A.B. asks: 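Take this structure first; my questions come after.
Read the numbers this way: they start at 1 and go in the same order the structure lists the ligands and their atoms. In this text, all values refer to a predicted model and were calculated from it rather than measured experimentally.
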Amino acid sequence: MTKYTFPENFFFGAATAAYQAEGATDIGGKGKVAWDEMYHRESSTFHADQASNFYYQYEEDLRLAKEHGVNAIRISIAWSRIIPNGIGEVSPEGIAFYHRLIDACLLHGVEPFVTLHHFDTPLHLFHQGDWLNRAQIDAFVRYAEVCFSEYGDKVSYWITINEPWSIVAGQYIIGHFPPEIHYDIPKAVQAMHHMMLAHAKVVLTYKRMNFNGKIGIVHILESKYARNLDNPLDVLAAKREDVLANQFLLDASFLGVYSNQTLDHINHILDAYGSYRLIFASDDFDILTQAAQYTDFMGINYYASHFIQHYEGDSLIIHNGTGSKGSARYANKGVGERVTHPDVPTTDWDWPIYPEGLYDMLIRIQHDYPHIKEIFVTENGIGAKDIINDNQEIIDDYRIDYVSKHLQAISRAQGKGVPVRGYFMWSLIDLLSWTNGFNKRYGFFYVDFETQKRHAKKSAHWWRDLSISKTIQ
Ligand code: BGP
């Protein structure tokens, strides 16, 4: 049996995000975000007011993390705790909370990787257009400067933005994130460009401030395969989805320019939606190019890959937000349609389980962007309806299997020279899932959302052993 061994200094991490974990949405002067409004509509069956109560229980969660071999944690800072309306006064209570949280991470020996934006733009800015509004870029830079001045001496790893693609896909294509707009790819592309600029300006700001830490960005990167490799139309559809979801952002953040091939495909997609063309300012590419050189690492979130076939017709997306297997559809005009593959299993939420797609993506990144010095797999995991039995155990063998297979893919890529320095399981504790609520669980620790009591799952015990042996069979 092949053995996969990880280096001594590898980060065996786990991830969280402020809005999904903290709760305390109206505590400490926190400003509102668009999710608060959406979840408090009558039709919503859940909200984030308590979430996993991390705001109050982070000490316990960090202790559990440490005890189970988790030596790094992704946390995010809620912009609206630091600057409640996004542009005005800084909140001393918000500043103090993240000092306490970051200090606790360091005290427990759990390295904090801190994200500045994880899907939670302050409501006031959201109402002014969110990332479609270029003016938000400067507001984000100011917020980042505040965070760097406060926490820059303590935090060694910063992440500017989490998953620009998921943000715009949710907001403007699938329509299950506020403002719930459907099938508007032009808006999605324009907002991504603005996020890339915001990321770039924050990287340059951080470097100007002369800290010793590192800064990077997290992209969700799912491989896109033609369903039928012999059909050139399927091949084209897969390429188009790849450019839209992956290559556009990779080019911006790691080359500083959109290649001709990228722009060609983007323009073809835009043509299906009218005459829209991406709007740039004259110095955008100087900023992107400079930042690309100074970006220290790339974070990859990876859950699934997709098999794509040619698609004619209007966009049609049905989101499976309940875990009733087989209910999803995903077809975009001008791009293609995702279909199942008979050899590839899926989760109850219809996400294909395909570790090989992570391996392929890592090899491709190394090939196309060889100057990237360090890579972290910043999220990977499986959402499931975990059951707690009468003995208070959660036997999540499917999670151990999923994580093992993805770690094997990472180890194989390391063997080919891909510089993957750490892995973060999504998630440390069960959290709010943005569009699925609380029954799609990902954590090493089961959260009873009634009592907020934590229970270590079988996977947490397995992780402790793995963090010691550093070896997967
Ligand atoms: C990523 C996000 C996370 C998390 C995860 C699981 O895209 O960065 O915040 O939610 O996906 O997704 P979901 O909760 O929709 O299953």
Side-chain angles (χ1 to χ4, degrees), residues 13-22 33-35 38-39 45-48 51-52 54 73-79 113-121 159-171 173-178 192 195 216-222 245-246 249 298-306 317-325 327-328 330 346-353 358 361 376-386 398-399 402-403 406 423-444 447 449:
T16 68
Y19 194 72
Q20 293 172 276
E22 288 175 2
V33 296
W35 297 100
M38 187 169 124
Y39 292 149
T45 51
F46 55 88
H47 58 69
S52 317
F54 187 71
I73 182 173
R74 275 190 71 203
I75 53 172
S76 74
I77 294 179
W79 185 348
F113 281 58
V114 180
T115 304
L116 292 166
H117 187 281
H118 196 127
F119 298 2
D120 55 352
T121 300
I159 291 159
T160 55
I161 301 181
N162 179 73
E163 294 188 2
W165 166 247
S166 301
I167 295 174
V168 299
Q171 292 190 309
I173 301 175
I174 307 169
H176 58 356
F177 284 18
M192 281 198 287
M195 271 188 264
I217 185 163
V218 165
H219 290 306
I220 182 148
L221 294 171
E222 304 168 315
N246 298 330
L249 293 163
M298 170 198 277
I300 297 183
N301 290 356
Y302 180 87
Y303 291 89
S305 283
H306 297 113
I317 299 180
I318 300 170
H319 172 59
N320 170 359
T322 55
S324 70
K325 205 167 175 155
S327 59
Y330 193 96
T346 54
T347 70
D348 285 345
W349 279 263
D350 296 320
W351 291 18
I353 302 175
L358 174 57
M361 182 56 74
F376 296 94
V377 174
T378 35
E379 283 181 33
N380 174 243
I382 184 166
K385 299 166 193 164
D386 296 338
Y398 40 88
R399 181 163 291 112
Y402 179 100
V403 173
H406 287 81
Y423 172 94
F424 294 75
M425 219 274 292
W426 183 267
S427 47
L428 177 67
I429 49 177
D430 291 337
L431 302 170
L432 167 78
S433 172
W434 302 98
T435 61
N436 311 281
F438 292 98
N439 73 335
K440 190 180 189 187
R441 294 170 180 271
Y442 282 92
F444 278 135
V447 174
F449 289 105

A.B. asks: Who's the nearest protein heavy-atom neighbour of atom 15 (O) of ligand 1, and how far?
C.D. replies: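 That would be N436 ND2, 3.4 Å.
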A.B. asks: Out of all atoms in ligand 1, which are within 4.0 Å of some heavy atom of Y442? Include the element for each.
C.D. replies: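 So the atoms of ligand 1 that pass are 6 (C), 12 (O), 13 (P), 14 (O), 16 (O).
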A.B. asks: Should you measure from each heavy atom of H118, which atoms of ligand 1 turn up under 4.0 Å away?
C.D. replies: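 The list of qualifying atoms is 2 (C), 3 (C), 8 (O), 9 (O).
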A.B. asks: For the pair F424 and F376, name the ring-plane relationship: parallel under 30°, tilted 30 to 60°, perpendicular over 60°.
C.D. replies: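 Plane angle over 60°, so perpendicular.
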A.B. asks: Using 30° and 60° as the class limits, which term best fits the ring planes of W426 and H118: parallel, tilted or perpendicular?
C.D. replies: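 Rings of W426 and H118: parallel, under 30°.
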A.B. asks: Of the backbone atoms (N, CA, C, O) and the side-chain heavy atoms from C-beta on, which set of S433 has a member under 4.0 Å from an atom of ligand 1: side chain, backbone, both, or neither?
C.D. replies: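 Looking at S433 and ligand 1, atoms from backbone and side chain both fall under 4.0 Å.
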A.B. asks: With distance as the sole test, does N380 use its side chain to make a donor-acceptor pair with the main-chain N or O of Y302 at under 3.5 Å?
C.D. replies: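 At least one qualifying donor-acceptor pair exists.
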A.B. asks: Is there at least one pair of N or O atoms, one from T435 and one from ligand 1, spaced under 3.5 Å apart?
C.D. replies: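 T435 vs ligand 1: no N/O contact under 3.5 Å.
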A.B. asks: Kindly state whether the ring of F119 and the ring of Y19 have centres lying under 6.0 angstrom apart.
C.D. replies: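 No, ring centres 6.0 Å or more apart.
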A.B. asks: Could you list the atoms of ligand 1 found under 4.0 angstrom from a heavy atom of K440?
C.D. replies: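 The list of qualifying atoms is 13 (P), 16 (O).
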A.B. asks: Would you say W351 and ligand 1 have an N/O pair spaced under 3.5 Å apart?
C.D. replies: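 W351 vs ligand 1: no N/O contact under 3.5 Å.
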A.B. asks: Give a yes or no answer on whether the side chain of D386 reaches the backbone of Y442 with a donor-acceptor pair at less than 3.5 Å.
C.D. replies: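 No; zero donor-acceptor contacts below 3.5 Å.
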A.B. asks: Checking contacts here: is it the side chain or the backbone of N162 that comes within 4.0 Å of ligand 1, counting heavy atoms only? Could be both or neither.
C.D. replies: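 It is the side chain that touches ligand 1; the backbone stays farther off.
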A.B. asks: Nearest protein heavy-atom contact for atom 5 (C) of ligand 1: which residue, which atom, what distance?
C.D. replies: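 For atom 5 (C) of ligand 1, the nearest protein heavy atom comes out as Y303 OH, 3.3 Å.
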A.B. asks: Can you tell which part of W426 has a heavy atom less than 4.0 Å from ligand 1: side chain, backbone, both or neither?
C.D. replies: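 Answer for W426: side chain.
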A.B. asks: To the nearest 0.1 Å, how far is atom 2 (C) of ligand 1 from its closest protein heavy atom, and which atom is that?
C.D. replies: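 Protein heavy atom at minimum distance: E379 OE1, 3.4 Å.
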A.B. asks: Give the ring-plane orientation class for Y39 versus F46, where under 30° counts as parallel, over 60° as perpendicular and anything between as tilted.
C.D. replies: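 The arrangement is tilted - the two ring planes meet at 30° to 60°.
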A.B. asks: Between W79 and H117, what is the ring plane arrangement, given parallel below 30°, perpendicular above 60°, and tilted in between?
C.D. replies: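 Plane angle over 60°, so perpendicular.
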A.B. asks: Identify the closest protein heavy atom to atom 7 (O) of ligand 1: which residue and atom is it, and at what distance?
C.D. replies: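 Residue, atom and distance for the closest contact: E163 OE1, 2.5 Å.
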A.B. asks: Please confirm whether the backbone N or O of A384 pairs with a side-chain atom of D348, one donor and one acceptor, at under 3.5 Å?
C.D. replies: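 Absent.
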A.B. asks: How many angstroms lie between atom CD1 of I217 and atom OG1 of T115, to the nearest 0.5 angstrom?
C.D. replies: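 I217 atom CD1 to T115 atom OG1 measures 10.5 Å (nearest 0.5 Å).
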A.B. asks: Which one holds for Y19 and ligand 1: side chain close, backbone close, both close, or neither close, with close meaning a heavy atom under 4.0 Å?
C.D. replies: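 Neither; no heavy atom under 4.0 Å.
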A.B. asks: Among all the protein's non-hydrogen atoms, which is closest to atom 10 (O) of ligand 1, and how far away is it?
C.D. replies: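 Going atom by atom, the protein heavy atom closest to atom 10 (O) of ligand 1 ends up being Q20 NE2, 3.0 Å.
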